Amino acid sequence: MKLMVMGVLLVALALSAILDVSIPESRAAPPIASLCEGYAGLPAEAAGLMEHGMAWLAGGAFRFGSNQGYPEEAPAHIARVDAFRIDRHPVTNAQFSAFVEATGYRTQAERGLTKDQLGSFPLALVNPGSLVFSQSVSDPGWRFVEGASWRMPEGPGSDIQSRMHHPVVHVALVDAQAYADWAGRQLPSESEWEYAARGGRMDAPFAWGDLNDGAPKDMANVWQGRFPVMNLALDGYHGTSPVGCFPANAFGLFDMGGNVWELTASPYSPGHDKGVVESSKEWVQGYDPRDPGVPVNVIKGGSHLCSEEHCFRYRPAARQPQPVYLSTSHVGFRTVSQNEP
């Protein structure tokens with residue numbers, strides 16, 4: 001069955017003083033040269049899995065949201081975050097495999113939805129499976145594929161043996177939270193994620209800066225061509241890519257735009273009003289007016305399915321609702337910690 005689911009720093013020192021805004025330097029590690037195709041998917045010190053592979057960000061004030069993007073990104077306002085550590089790249093299949101091997105965990109997709117979780121979704125979703133985007137020329141789009149999971153991203157017969165260094169996908173909110181709990185971490189709030197993605201460049205449109213710093217096809221795994229019928233893959237990838245194949249931002253973080261959407265701990269609301277998206281990490285049900293009965297959280301960063309014409313959301317300010325019980329082939333996550341290095 002088929003389911004259609006779906007510029008420069010403007011605050012100068014003088015203005016910063018007026019707004020009491022400061023942008024402390026964050027102690028990001030130097031770029032990791034071994035990512036992308038040569039990366040095994042685990043931080044270099046496997047024994048230090050719980051802490052290695054993260055960057056320490058000093059926190060501070062930043063401009064949260066945008067008044068130039070989609071309506072749900074507005075209004076932009078000054079927000080503050082405390083210091084935190086964040087994964088330098090999305091959690092990989094290799095990292096998630098280590099979690100599953102240690103705990104025996106089964107994901108939401110591997111279990112299927114309960115009747116209570118089903119809500120307005122089709123009855124078929126009680127069966128184990130997940131949403132997969134097909135790039136078929138004749139019939140592109142989203143489908144619920146029985147048996148699809150993080151282990152079998154396209155469904156039965158597919159595997160991740162050659163993709164251990166790719167972001168894990170087909171994970172729902174509960175799965176990402178379970179991994180984070182095991183690792184002694186948390187999911188980032190929306191404000192933490194956006195602060196990290198901006199890399200200290202308060203009003204730059206992209207994680208890497210602006211178009212003078214690089215074209216999207218050279219800086220992120222995003223869709224090139226007419227969506228959904230033609231993916232020219234000028235960046236070299238038709239689907240997900242190994243983590244760290246594109247330049248890191250100024251904080252040393254990879255894939256903060258494109259590749260996969262990333263789950264956050266923040267419930268979604270249709271506006272970006274101050275105080276709503278910066279609530280505590282204790283989960284409350286988000287709200288999407290298009291389907292008010294479905295609990296939703298914020299996802300950030302866009303994915304390999306985003307293009308300038310279709311989904312111009314591979315930008316730090318961009319945000320989108322994600323049903324908390326659903327998993328898809330283009331949503332992953334990364335974790336944060338408040339532990340100092």
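What you see is a predicted model; the values in this text were computed from it and never measured.
Between the CZ atom of Phe333 and the CG atom of Asp87 there is a distance of 8.5 Å, given to the nearest 0.5 Å. The NE2 atom of His166 lies 11.0 Å from the CE atom of Met164; values are rounded to the nearest 0.5 Å. For the atom pair CZ (Phe254) and CG (Leu35), the distance works out to 4.5 Å, reported to the nearest 0.5 Å. Taken from CZ in Arg319 to OG in Ser269, the straight-line distance is 5.0 Å, to the nearest 0.5 Å. One finds the CE atom of Met219 at 6.5 Å from the CH2 atom of Trp208 (value rounded to the nearest 0.5 Å). Summarising the geometry, atom CD1 belonging to Ile78 is positioned 11.5 Å from atom CZ belonging to Phe64; distances are rounded to the nearest 0.5 Å.
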Would you be so kind as to tabulate the donor-acceptor pairs closer than 3.5 Å made by side chains of residues 227-234, with sequence neighbours excluded?
unit_1	atom_1	unit_2	atom_2	d
Asn231	OD1	Ala233	N	3.0
Asn231	ND2	Gln135	OE1	3.3
Asn231	ND2	His238	O	3.4

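At a threshold of 4.5 Å between non-hydrogen side-chain atoms, the residues Leu123 and Leu118 count as touching. By the 4.5 Å heavy-atom criterion applied to side chains, Ser266 and Trp193 are not counted as neighbours. Put simply, the side chain of Met152 reaches to within 4.5 Å of the side chain of Ser158, judged on heavy atoms. A 4.5 Å side-chain heavy-atom check between Thr92 and Ser97 finds every atom pair outside the cut-off. Side-chain contact between His304 and Tyr237: absent, with no pair of heavy atoms (C-beta onward) separated by less than 4.5 Å. Residues Thr335 and Gln95 form no side-chain contact, since every pair of their non-hydrogen atoms from C-beta on lies 4.5 Å or further apart. Within the 4.5 Å cutoff, the side chain of Arg334 has heavy atoms near those of the Ile86 side chain. Side-chain contact between His170 and Pro153: present, with at least one pair of heavy atoms (C-beta onward) separated by less than 4.5 Å.
Residues Val331 and Val169 do not share a hydrophobic cluster, defined by chaining ILVMFWY side chains whose heavy atoms lie under 4.5 Å apart. Follow the hydrophobic side-chain contacts under 4.5 Å out from Phe312 and you never reach Ile299; the two are in separate clusters. In the hydrophobic cluster analysis, where Ile, Leu, Val, Met, Phe, Trp and Tyr join through side-chain heavy atoms closer than 4.5 angstrom, Val126 is grouped together with Phe144. Both Tyr268 and Leu326 are part of a single hydrophobic cluster, where members link through side-chain heavy atoms under 4.5 Å apart. Residues Tyr70 and Trp223 are members of separate hydrophobic clusters, defined by side-chain heavy-atom contacts under 4.5 angstrom among Ile, Leu, Val, Met, Phe, Trp and Tyr.
In summary, the side chains of Gln322 and Trp261 do not present any donor paired with an acceptor at a separation below 3.5 Å, with no hydrogens or angles considered. If you check the side chains of Gln224 and Asp235, you find a donor sitting under 3.5 Å from an acceptor.
The side chain to side chain donor-acceptor pair (under 3.5 Å) test applied to His165 returns no partner, not counting sequence neighbours.
Checking Glu190, Glu73, Glu262 one by one against Lys300, the salt bridge (Lys or Arg N to Asp or Glu O under 4.0 Å) holds for a single residue, Glu190. A ring-ring contact (aromatic ring centres under 6.0 Å, His included) with His330 is found for one member of Trp142, Tyr314, Phe133 and no other, namely Trp142. For the side chain to side chain contact (heavy atoms under 4.5 Å, CB included) criterion with Leu187, the lone passing option out of Leu173, Val336, Asp181 is Leu173.
Between the side chain of Asn221 and the backbone N or O of Gly258 there is no donor-acceptor pair closer than 3.5 Å. A distance-only check finds no donor-acceptor pair linking the side chain of Asn339 to the backbone of Arg85 [under 3.5 Å]. Under the 3.5 Å distance criterion, the side-chain polar atoms of Tyr325 are left unmatched by any main-chain donor or acceptor of Ala172. Of the possible polar contacts, none joining the Asn127 side chain to the Gly112 backbone as a donor-acceptor pair under 3.5 Å is found. At distances below 3.5 Å, at least one donor-acceptor pair connects side-chain atoms of Thr264 with backbone N or O atoms of Val298. Panel note: side chain Tyr39, backbone Cys245; no donor-acceptor pair is recorded below 3.5 Å.
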- [ ] Output, in order, the C-alpha distance, side-chain angles, deciding distance and verdict of side chain to side chain contact (heavy atoms under 4.5 Å, CB included) for Phe246 and Asn259.
- [x] CA-CA 10 Å; Phe246 296 87; Asn259 208 357; over 6 Å; no

Task: Criterion side chain to side chain contact (heavy atoms under 4.5 Å, CB included) on Ser149 and Glu110, from CA distance to verdict - done: CA-CA 6 Å; Ser149 71; Glu110 292 172 297; 3.8 Å; yes

Open item on the list: Please evaluate residues Leu305 and Cys311 with respect to the criterion side chain to side chain contact (heavy atoms under 4.5 Å, CB included), reporting the C-alpha separation (whole Å), side-chain torsions for both, the decisive distance (0.1 Å), and the verdict.
Closed with: CA-CA 8 Å; Leu305 298 180; Cys311 166; over 6 Å; no

Task: salt bridge (Lys or Arg N to Asp or Glu O under 4.0 Å) between Glu154 and Arg163, intermediate numbers included - done: CA-CA 12 Å; Glu154 290 77 50; Arg163 289 180 274 183; 2.9 Å; yes

Open item on the list: Between Asp175 and Tyr105, does the side-chain hydrogen bond (donor to acceptor under 3.5 Å, both in side chains) criterion hold? Intermediate values first, please.
Closed with: CA-CA 9 Å; Asp175 307 322; Tyr105 184 83; 2.6 Å; yes

- [ ] Show your working on side chain to side chain contact (heavy atoms under 4.5 Å, CB included) between Val168 and Val260 and close with a plain yes or no.
- [x] CA-CA 9 Å; Val168 65; Val260 294; over 6 Å; no

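Taking all atoms of both residues into account, the shortest heavy-atom contact from Ala196 to Asn249 is O-ND2, 2.9 Å. Closest approach of Gly257 and Ala220 over heavy atoms only: O-CB, 3.3 Å. Ser329 and Thr240 get closest at one heavy-atom pair: O-CG2, 4.3 Å. Residues Ser241 and Pro167 approach most closely at O-CD, 3.2 Å, considering heavy atoms. Ala176 and Leu263 get closest at one heavy-atom pair: CB-CD1, 3.9 Å. Taking both residues in full, the closest heavy atoms of Val171 and Gly332 are given as CG2-CA, 4.1 Å, listed atom of the first, atom of the second, then distance.
Note on ring orientation: taking the six-membered ring where Trp is involved, the planes of Phe99 and Tyr179 are perpendicular (angle over 60°, cut-offs 30° and 60°).
Taking 4.0 Å as the cut-off between side-chain N and carboxylate O, Arg313 and Glu72 count as a salt-bridged pair.
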